[in-house]
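Below is one structure, written out as structure tokens; comments come after it.
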Amino acid sequence: MPEWTSDEELLALCREELYTAVVGDICDQVGLRGQFFKPRIRPLHPGAIPVMAGRAMPVLEADVFAEDSASDNERSGDDSSDDARSSRPFGKMLDALDDLRPNEVYICTGASPRYALFGELMCTAMQGRGAVGAVCDGFIRDADRLLGLDFPVFSFGPYGQDQRGRGKVIDYRVPIEIGGVRVAPGDLLIGDIDGVLTVPAEAEEEVISRALEKVRGEDTVREALRDGMSATEAFDTYGIF
């Protein structure tokens, strides 16, 4: 049985005790090799940052090359259909933001890297819905303002070009892939200064339990090394390095 009894306890353990490197090591050991997103996806905040841990809310973007004109539904005041929503300047982006739940991470992909996928107002809306971070397979903007939000953001970096007329959200809460790494709604996302990785929901109990065991063992190894034990002896004794 895991040592946590709720999702809130699991996420708190991830934030307080774990980091991406050790979770990635355990993923490798259980056959989940390559769970890290591409190294270009980096934290916006410089220096050491708190660990981000939350549930994936995947968002699918697509390129467009002009702003769509209003549909017949929109002209008649009926804005409830998918066609009407997709004709908005940002597609279903506002719906995706409004659908965010506490402890979720907004994670988006699908667009070419020729414009920013979100900025300050979107991140403020995410915070207001209780989200705990955002991961962008592309650029973000309003970087100076985002730095003041105390909200974990991972992306290619800042670029001021707006997505209006260039891209839009076409769906959300659907499986996505980023550089061959699959993310399903509700999968665990963990991010820190070393990057971001995902743990499939069906494997998280084993991965997180073993990661906690390893990181606690590393504390023992660290003390032994400080006391003068050789690296070889430490590995032979504890099986951790």
Side-chain angles (χ1 to χ4, degrees), residues 7 10-11 14-15 20 23-24 27 32 34-45 49-63 90-113 115-142 146 149 151-159 163 167-204 207:
D7 203 51
L10 166 63
L11 296 175
C14 291
R15 294 169 189 146
T20 58
V23 176
C27 285
L32 294 170
Q35 294 303 115
F36 272 94
F37 300 124
K38 62 188 75 172
R40 193 176 181 186
I41 297 177
R42 309 296 304 165
L44 173 65
H45 290 69
I49 61 172
V51 173
M52 176 194 75
R55 297 293 175 185
M57 203 284 257
V59 175
L60 185 61
E61 295 261 356
D63 289 348
F90 302 108
K92 299 180 181 180
M93 182 186 78
L94 302 179
D95 301 297
L97 291 172
D98 289 343
D99 197 53
L100 275 166
R101 301 164 191 165
N103 283 320
E104 287 191 325
V105 176
Y106 184 102
I107 177 168
C108 61
T109 191
S112 61
Y115 49 88
L117 295 178
F118 57 77
E120 178 204 6
L121 290 181
M122 286 185 66
C123 284
T124 302
M126 294 175 200
Q127 281 186 305
R129 301 298 297 172
V132 293
V135 179
C136 177
D137 185 23
F139 292 103
I140 53 90
R141 66 185 206 158
D142 307 324
L146 291 180
L149 287 182
F151 186 71
V153 173
F154 298 80
S155 72
F156 291 1
Y159 178 47
Q163 72 170 316
K168 60 173 55 179
V169 171
I170 59 172
D171 212 348
Y172 58 96
R173 295 201 184 280
V174 294
I176 60 173
E177 284 193 7
I178 297 178
V181 181
R182 181 179 173 84
V183 184
D187 282 350
L188 180 61
L189 292 172
I190 301 176
D192 60 20
I193 195 169
D194 286 333
V196 186
L197 83 164
T198 181
V199 181
E202 62 271 17
E204 69 181 37
V207 169

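The first residue of the sequence shown is numbered 1, and numbering continues consecutively from there. Side-chain atoms are counted along with the backbone in the values below, which use heavy atoms only and exclude waters and symmetry mates. Predicted model, so just to flag it, every value in this text is computed and none were measured.
When side chains are defined from C-beta on, Val196 does not count as touching Ile190, because their heavy atoms never get closer than 4.5 Å. In this structure, Leu188 and Leu11 have side chains that are in contact, with non-hydrogen atoms separated by less than 4.5 Å. The side-chain heavy atoms of Phe36 and Pro39, taken from C-beta on, include no pair separated by under 4.5 Å. No side-chain heavy atom of Thr20 sits less than 4.5 Å from a side-chain heavy atom of Ile193. Between Gln163 and Leu117, some side-chain heavy-atom pair lies under the 4.5 Å cut-off. Two residues are said to be in side-chain contact when any heavy atoms from C-beta on lie closer than 4.5 Å; Pro158 and Phe139 fail this criterion.
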For this session: Let me see the working for Val169 and Phe90 under side-chain contact (heavy atoms from CB on, under 4.5 Å), right down to the final yes or no.
Result: CA-CA 6 Å; Val169 171; Phe90 302 108; over 6 Å; no
Exercise. Does the side-chain contact (heavy atoms from CB on, under 4.5 Å) test come out yes or no for Val153 and Phe118, once each step is laid out?
Worked result: CA-CA 10 Å; Val153 173; Phe118 57 77; 3.9 Å; yes
Problem set entry | Residue pair Arg173, Glu104: steps toward the side-chain contact (heavy atoms from CB on, under 4.5 Å) verdict | CA-CA 11 Å; Arg173 295 201 184 280; Glu104 287 191 325; 2.8 Å; yes
Exercise. Would Asp137 and Phe37 count as a side-chain contact (heavy atoms from CB on, under 4.5 Å) if you check the C-alpha gap in whole Å, the side-chain angles of each, and the deciding distance to 0.1 Å?
Worked result: CA-CA 9 Å; Asp137 185 23; Phe37 300 124; over 6 Å; no
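Comment: Lys168 does not engage Asp63 in a salt bridge, judged by the lack of any side-chain N to carboxylate O separation of less than 4.0 angstrom. Taking a cutoff of 4.0 Å between a charged side-chain nitrogen and a carboxylate oxygen, Asp187 and Arg182 do not qualify as a salt bridge. A salt bridge links Glu204 with Arg55: the distance from a Lys NZ or Arg NE/NH1/NH2 to an Asp or Glu carboxylate oxygen falls below 4.0 Å. For Asp98 and Arg129, the salt-bridge test fails: no basic side-chain N is under 4.0 Å from an acidic carboxylate O.
Contact detail for Gly138 and Ser155: the closest heavy-atom pair is O-CB, 3.3 Å. Leu197 and Cys27 get closest at one heavy-atom pair: CD1-SG, 4.3 Å. Closest non-hydrogen pair, Pro43 versus Ile49, comes out as CB-CD1, 3.5 Å. Heavy atoms only, all atoms of each residue included: Ala134 and Met52 are closest at N-SD, 4.3 Å. Asp171 approaches Val174 most closely through the heavy-atom pair OD2-CG1, 3.4 Å. Nearest heavy atoms, Gly186 versus Ala201: O-CB, 4.4 Å.
Rounding to the nearest 0.5 Å places CG of Leu60 at 7.5 Å from OG1 of Thr109. Once rounded to the nearest 0.5 Å, the distance linking CD1 of Ile41 with SG of Cys136 reads 7.5 Å. Taken to the nearest 0.5 Å, the CE atom of Met122 stands 10.5 Å off from the CG atom of Leu146. Atoms CE and CD1, from Met57 and Ile176 in turn, are 10.0 Å apart once rounded to the nearest 0.5 Å. The CD1 atom of Ile170 sits 8.5 Å away from atom NZ of Lys92, with the distance rounded to the nearest 0.5 Å. With rounding to the nearest 0.5 angstrom, the OH atom of Tyr106 is 15.0 Å from the CD atom of Gln127.
Between Val132 and the choices Leu100, Val105, Leu189, the side chain to side chain contact (heavy atoms under 4.5 Å, CB included) rule is met once, by Val105.
Phe151 is linked by a ring-ring contact (aromatic ring centres under 6.0 Å, His included) to nothing, counting only residues two or more places apart in sequence or in another chain.
Without hydrogens or angle criteria, Gln35 side chain to Thr198 main chain gives a donor-acceptor distance under 3.5 Å.
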